[in-house]
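One structure below.
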Amino acid sequence: MSDKIVTVDIDDTLKIIKKVFDHTSFHHLLVIEKHQLCGVISDRDLFKAFTPTIGTVAETTQDLAILNQKAHQIMNRHPLSLPESANIKDAIKVFNNNKISCIPVVNEQNIPVGILSWRDILRIFSYLRI
């Protein structure tokens with residue numbers, strides 16, 4: 001699990017979210033409301049929301065309206081998450097039973113404390129030399 005998470009607020013604009021993705025190597029952002037996890041946005045979710053002209057000289061007023069949309073308009077609501085006490089078997093079960101590429105890890109108050117990707121699982125197995 002990576003404890004280096006990046007969160008955005010449920011009302012942050014797609015313009016802000018794009019800047020975060022542009023300046024980090026993360027592929028998922030955790031969306032919070034009142035410090036609690038309420039959604040996940042992947043870089044693919046953002047890509048699907050955009051038109052090819054955003055950020056170009058051909059940018060339109062429609063593109064500007066897209067940039068002003070809020071996180072809650074494109075996020076995956078009610079994401080599957082794991083408690084801090086979960087183990088690797090719990091995580092593998094969630095990955096195997098769902099079409100997701102990350103699992104937020106939350107504390108008892110549903111506040112994000114980390115994020116687990118399937119690459120983290122592969123990294124564990126590479127250390128075990130299986």
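Quantities reported herein were computed from a predicted structural model and do not represent experimental measurements. Index from 1, following the sequence.
The hydrophobic cluster around I32 extends to none of the other residues, as no ILVMFWY side-chain heavy atom falls under 4.5 Å of it. Here V57 sits alone; no ILVMFWY side chain lies under 4.5 Å from its own, so it joins no hydrophobic cluster.
Linking ILVMFWY side-chain heavy atoms closer than 4.5 Å, directly or via other members, places V6 and I41 in a single hydrophobic cluster. Both M1 and I121 are members of a single hydrophobic cluster when ILVMFWY side chains are connected at heavy-atom separations under 4.5 Å.
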Throw together a table of side-chain donor-acceptor distances under 3.5 angstrom for residues 90-106, partners on residues two or more places apart or in other chains.
from : atom 1 : to  : atom 2 : distance (Å)
D90  : OD2    : N87 : N      : 2.9
N96  : ND2    : I92 : O      : 3.4
N97  : ND2    : K93 : O      : 3.1
N98  : ND2    : V94 : O      : 2.8
S101 : OG     : H28 : NE2    : 2.9
S101 : OG     : R44 : NH2    : 3.1

Side chains of residues 110-120: which donor-acceptor pairs under 3.5 Å do they make with residues two or more places apart or in other chains?
from : atom 1 : to   : atom 2 : distance (Å)
N110 : ND2    : L37  : O      : 3.0
S117 : OG     : R119 : N      : 3.2
S117 : OG     : D120 : N      : 3.2
S117 : OG     : D120 : OD2    : 3.4
D120 : OD1    : R123 : NH1    : 2.7
D120 : OD2    : S117 : N      : 2.8

Show me the donor-acceptor pairs within less than 3.5 Å that the side chains of residues 63-76 make with the rest of the protein, sequence neighbours left out.
from : atom 1 : to  : atom 2 : distance (Å)
D63  : OD1    : T51 : OG1    : 2.3
D63  : OD1    : T53 : OG1    : 3.3
D63  : OD2    : T53 : OG1    : 2.4
D63  : OD2    : T60 : N      : 2.9
D63  : OD2    : T60 : OG1    : 3.3
N68  : ND2    : L64 : O      : 3.1
Q73  : OE1    : K70 : N      : 2.7
N76  : ND2    : D45 : OD2    : 3.2

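Of the possible polar contacts, none joining the Q109 side chain to the Q36 backbone as a donor-acceptor pair under 3.5 Å is found.
Across every non-hydrogen atom of F26 and F21, the tightest pair is O-CD2, 3.4 Å.
Side-chain contact check for V40 versus L30: some heavy-atom pair is nearer than 4.5 Å.
Between the CG atom of L46 and the CG atom of L29 there is a distance of 8.5 Å, given to the nearest 0.5 Å. The distance from atom CG of D43 to atom CZ of F47, rounded to the nearest 0.5 Å, is 10.0 Å.
Identified under the side chain to side chain donor-acceptor pair (under 3.5 Å) test for residues 8-22, with sequence neighbours left out: K18-D22.
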